[in-house]
Amino acid sequence: MDMGDILEHIFAGRWIAGTKLNDAIKSAQQFNAQGMKAIINYLGEEISDQHQVDQTMDMYVRVIRYIKNYNIKADISVKPTQLGLSITEAEALSNYSKLLKEARSSSVFVWLDMEGEHTVDSTIKMYLSEVQGGLTGICMQAYLKRTESDMQKLAKYGAIIRLVKGAYSASKSKSFTSHSEVTKNYAKLMQMEFEQFTEFTLATHDIEMIRKAQKLNETYKRKLTFAMLKGIRNGFAKELARDNRVSIYVPFGEQWVSYSYRRLKEAGHIKLVLKSLFENQGV
Ligand SMILES: Cc1cc2nc3c(=O)[nH]c(=O)nc-3n(C[C@H](O)[C@H](O)[C@H](O)COP(=O)(O)OP(=O)(O)OC[C@H]3O[C@@H](n4cnc5c(N)ncnc54)[C@H](O)[C@@H]3O)c2cc1C
């Protein structure tokens, strides 16, 4: 076992279902058995090779067919730069549309992940090109100052938003940089979701935010789902799923390095990482 294998085993093994589609399906079935839905993501990003984009498309089509054939309760979540955004916007638009055609015929919901700041305009454009056909949602990041106005715009189209704090870094002038500012903006945008959206997902492990949202929903009664990442607070997620809709993001594939790096970075402190590795999380 070389250093790469060891790191993969320690970190990726907790956060990632495995390298094969079967691993993701097995993990999704385990979460389903605990009353939770899965959000399956095939790892990969910033793909600038056409052949690799085509392979990624083929894989997502396989994922959709597996979900349908094995009767799995799962959405899929794709990164625009997996669908060709690093080649041309037209390529990404066309692939997203093809994917939705396949997904809609199998009643599978498709999420657009939100990546770095430079991809936000194109990702929103992609989403708006398909929002009317339904069965699709978009991730919005609280760390970006522009998100509030993006959400105002998206509200007019009946968008389905998955609100996150944000896993990327952006220029200081365009983003909230401290953790407390990001959390404050998350709370503000969450309030806006209750007021202006009927269906949405709050993707966070922040228990204070989750409790606030539960309280708000006693008044607003929205179609609210909580979502967490595989390997982080999944024991809590299982408890939450007793009385709430809960989904777990389940990534799989060989390209685990960037994803695991972001998880490490946001944990911010090795103690947190170790805690998440050894916590009894049920799956
Ligand atoms: C379903 C889902 C989809 C996502 N999709 C996107 C996306 O498309 N684009 C994007 O930019 N980001 C995405 N993210 C990541 C998100 O932006 C945050 O980086 C991540 O969720 C951590 O923020 P938090 O809201 O949990 O709050 P934090 O305040 O960061 O964390 C709250 C608590 O959760 C625990 N925790 C959080 N992260 C870790 C960790 N890595 N290890 C151990 N404990 C941890 C800690 O106890 C921490 O105190 C997604 C997150 C989820 C849950």
Side-chain angles (χ1 to χ4, degrees), residues 10-12 14-16 28 31 36-45 74-83 85 109-120 123-124 126-127 136-144 147 150 160-170 175-176 178-187 189-190 200-213 224-237 240 245-251 258-279 281:
I10 296 178
F11 294 116
R14 188 79 199 184
W15 294 323
I16 289 157
F31 286 117
M36 296 179 267
K37 204 173 182 188
I39 303 174
I40 299 179
N41 167 259
Y42 178 49
L43 291 161
E45 52 200 87
D75 304 334
I76 61 167
S77 203
V78 300
K79 289 198 173 8
T81 66
Q82 288 190 296
L83 299 188
L85 190 58
F109 190 97
V110 180
W111 286 105
L112 277 178
D113 278 5
M114 189 60 81
E115 305 179 75
E117 191 188 353
H118 64 289
T119 65
V120 178
T123 304
I124 292 174
M126 286 168 71
Y127 184 64
T136 186
I138 184 170
C139 178
M140 287 274 113
Q141 301 157 320
Y143 84 110
L144 290 181
T147 297
D150 287 338
I160 298 177
I161 287 177
R162 179 176 88 209
L163 185 63
V164 301
K165 288 190 184 172
Y168 297 79
S169 36
S175 63
F176 298 102
S178 76
H179 184 256
S180 63
E181 278 180 315
V182 175
T183 300
K184 196 169 151 205
N185 198 43
Y186 191 96
L189 298 174
M190 185 169 93
F200 52 90
T201 290
L202 296 172
T204 183
H205 314 92
D206 186 331
I207 294 175
E208 208 184 310
M209 284 305 131
I210 292 169
R211 296 297 180 219
K212 262 189 197 163
L224 165 66
T225 302
F226 293 106
M228 296 186 207
L229 302 174
K230 176 177 158 34
I232 302 177
R233 296 212 158 144
N234 291 170
F236 171 68
L240 198 64
R245 281 184 202 88
V246 178
S247 298
I248 303 288
Y249 191 93
V250 177
S258 302
Y259 180 84
S260 301
Y261 174 72
R262 282 195 294 275
R263 301 292 78 80
L264 261 178
K265 205 174 74 171
E266 76 207 355
H269 197 287
I270 193 68
K271 246 165 74 183
L272 264 184
V273 178
L274 292 173
K275 201 166 148 241
S276 94
L277 289 173
F278 295 112
E279 239 173 24
Q281 298 184 329

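Both ligands and their constituent atoms are indexed starting at 1 by order of listing.
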Of all the heavy atoms in [X], does at least one lie under 4.0 Å from an atom in ligand 1?
| X | answer |
| --- | --- |
| H179 | yes |
| R262 | no |
| R233 | yes |

Which ligand 1 atoms does [X] reach within 4.0 Å, using its non-hydrogen atoms?
| X | value |
| --- | --- |
| Q141 | 9 (N), 10 (C), 11 (O) |
| A203 | 1 (C), 2 (C), 52 (C), 53 (C) |
| R162 | 3 (C), 4 (C), 5 (N), 6 (C), 7 (C), 8 (O) |
| Y249 | 1 (C), 3 (C) |
| D113 | 8 (O) |

(request) Kindly say whether S77 contributes a backbone atom to a donor-acceptor pair with the side chain of D113 at under 3.5 angstrom? (result)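 No, D113 side chain to S77 backbone: no donor-acceptor pair under 3.5 Å.
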
**Report entry** Donor-acceptor under 3.5 Å (R233 side chain, H205 main chain)
**Finding:**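 Side chain of R233 to backbone of H205: a pair is present.
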
I need the contact type for [X] against ligand 1. Using non-hydrogen atoms and a strict under-4.0 Å cut-off, is it side chain, backbone, both or neither?
| X | result |
| --- | --- |
| I232 | side chain |
| E115 | neither |
| C139 | side chain |

- Task: Can you sort out the partners of E115 under salt bridge (charged side-chain N to carboxylate O under 4.0 Å, His left out), two or more places apart, ordered by chain and number?
- Result: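 For E115 there are no salt bridge (charged side-chain N to carboxylate O under 4.0 Å, His left out) partners, ignoring immediate neighbours.
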
- Message: Using a 3.5 Å cut-off on N or O atoms only, is K165 in polar contact with ligand 1?
- Response: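 By distance alone, the answer is yes.
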
Would you say A227 has any N or O atom under 3.5 Å from an N or O of ligand 1, going by distance alone?
->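 N/O-N/O distance below 3.5 Å does not exist for this pair.
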
